[in-house]
Amino acid sequence: QLQLVESGGGLVQSGGSLRLSCRVSRRNVDYYNVGWFRQAPGKVREGVSCISSLPGRTNYADSVKGRFTISRDSAKNTVYLQMNSLKPEDTAAYYCAAVWPSDPAPCTVDESPYEYWGQGSQVTVSS
């Protein structure tokens with residue numbers, strides 16, 4: 001069973017940066033598709049970004065393209081989400097999730113395939 005633990009959230013001013021970490025345990029993260037999702041109060045959860053199993057193709061929601069970067073450190077079994085130029089509308093609880101890929105297609109920011117979820121990390125961007 002895969003376990004995921006997020007960290008790195010916090011309070012930041014508009015225009016600032018944060019880096020979220022998703023530490024994966026019990027399995028090798030290189031073989032899984034890993035995604036980042038977020039949910040703001042009163043809104044549905046939305047996909048932010050994902051990274052496929054090796055070789056690690058990436059995908060981003062239009063709202064974060066050019067500002068967020070997803071990456072993976074195989075040695076640390078961790079996936080990161082570097083968030084730059086943060087805006088108040090980025091305020092949300094951020095979750096990482098993983099799934100064993102059923103085909104070689106690139107990962108998706110649609111949450112439906114993802115089986116394993118972390119507990120979430122709060123990001124608050126002040127204006």
Using the rule that two of Ile, Leu, Val, Met, Phe, Trp, Tyr join whenever any of their side-chain heavy atoms come within less than 4.5 Å, decide whether [X] and [Y] are in one cluster.
X      : Y     : value
Phe37  : Leu4  : no
Val99  : Tyr32 : no
Val109 : Val79 : no

Which heavy atom of [X] sits nearest a heavy atom of [Y], and at what distance?
X     : Y      : result
Ser85 : Arg67  : O-NH1, 3.0 Å
Gly9  : Ser121 : N-OG, 3.1 Å
Gln82 : Ser17  : NE2-CB, 3.9 Å
Arg57 : Cys107 : O-SG, 4.0 Å
Val34 : Tyr114 : C-CE2, 4.1 Å
Ser49 : Leu81  : CB-CD1, 4.1 Å

Mind running side-chain contact (heavy atoms from CB on, under 4.5 Å) on Thr69 and Tyr80 for me, showing each step along the way?
CA-CA 8 Å; Thr69 303; Tyr80 300 101; over 6 Å; no
Test item: [X] and [Y] side chains (from C-beta on) under 4.5 Å apart, heavy atoms:
X      : Y      : value
Val24  : Tyr116 : no
Arg38  : Leu20  : no
Thr108 : Pro113 : yes
Asn28  : Asn77  : yes

Once you round to the nearest 0.5 Å, how far does [atom1] of [X] lie from [atom2] of [Y]?
X      : Y      : atom1 : atom2 : result
Ile51  : Cys96  : CD1   : SG    : 12.5 Å
Ser127 : Gln13  : OG    : CD    : 9.5 Å
Arg27  : Gln1   : CZ    : CD    : 8.0 Å
Asp30  : Asp73  : CG    : CG    : 9.5 Å
Gln39  : Gln122 : CD    : CD    : 10.5 Å

Can you say whether the rings of Trp117 and Tyr95 are parallel (under 30°), tilted (30 to 60°) or perpendicular (over 60°)?
perpendicular
Angle between ring planes, Tyr31 versus Trp100, binned at 30° and 60°: parallel, tilted or perpendicular?
tilted
Which residues share a salt bridge (charged side-chain N to carboxylate O under 4.0 Å, His left out) with Glu115, sequence neighbours left out
none
[Y] backbone acceptor or donor facing [X] side chain under 3.5 Å:
X     : Y      : value
Arg72 : Ser52  : yes
Thr91 : Val125 : yes
Ser21 : Glu6   : no
Asn33 : Ser53  : yes

Counting neighbours of CD on Gln119 that are heavy atoms of other residues, nucleotides or ligands and sit closer than 6.0 Å, is the number greater than 12?
yes
Could you go through the side-chain contact (heavy atoms from CB on, under 4.5 Å) check for Arg26 and Leu2 one step at a time?
CA-CA 6 Å; Arg26 300 189 178 181; Leu2 207 66; 5.6 Å; no
From CA spacing to verdict: side-chain contact (heavy atoms from CB on, under 4.5 Å), Val123, Met83
CA-CA 10 Å; Val123 171; Met83 305 183 293; 3.8 Å; yes
Test log, rule side-chain contact (heavy atoms from CB on, under 4.5 Å), inputs Val29 and Thr78:
CA-CA 7 Å; Val29 71; Thr78 299; over 6 Å; no
Check the pair Lys65, Asp62 against salt bridge (charged side-chain N to carboxylate O under 4.0 Å, His left out), reporting the backbone distance first and the verdict last.
CA-CA 5 Å; Lys65 279 181 181 176; Asp62 288 343; 3.2 Å; yes
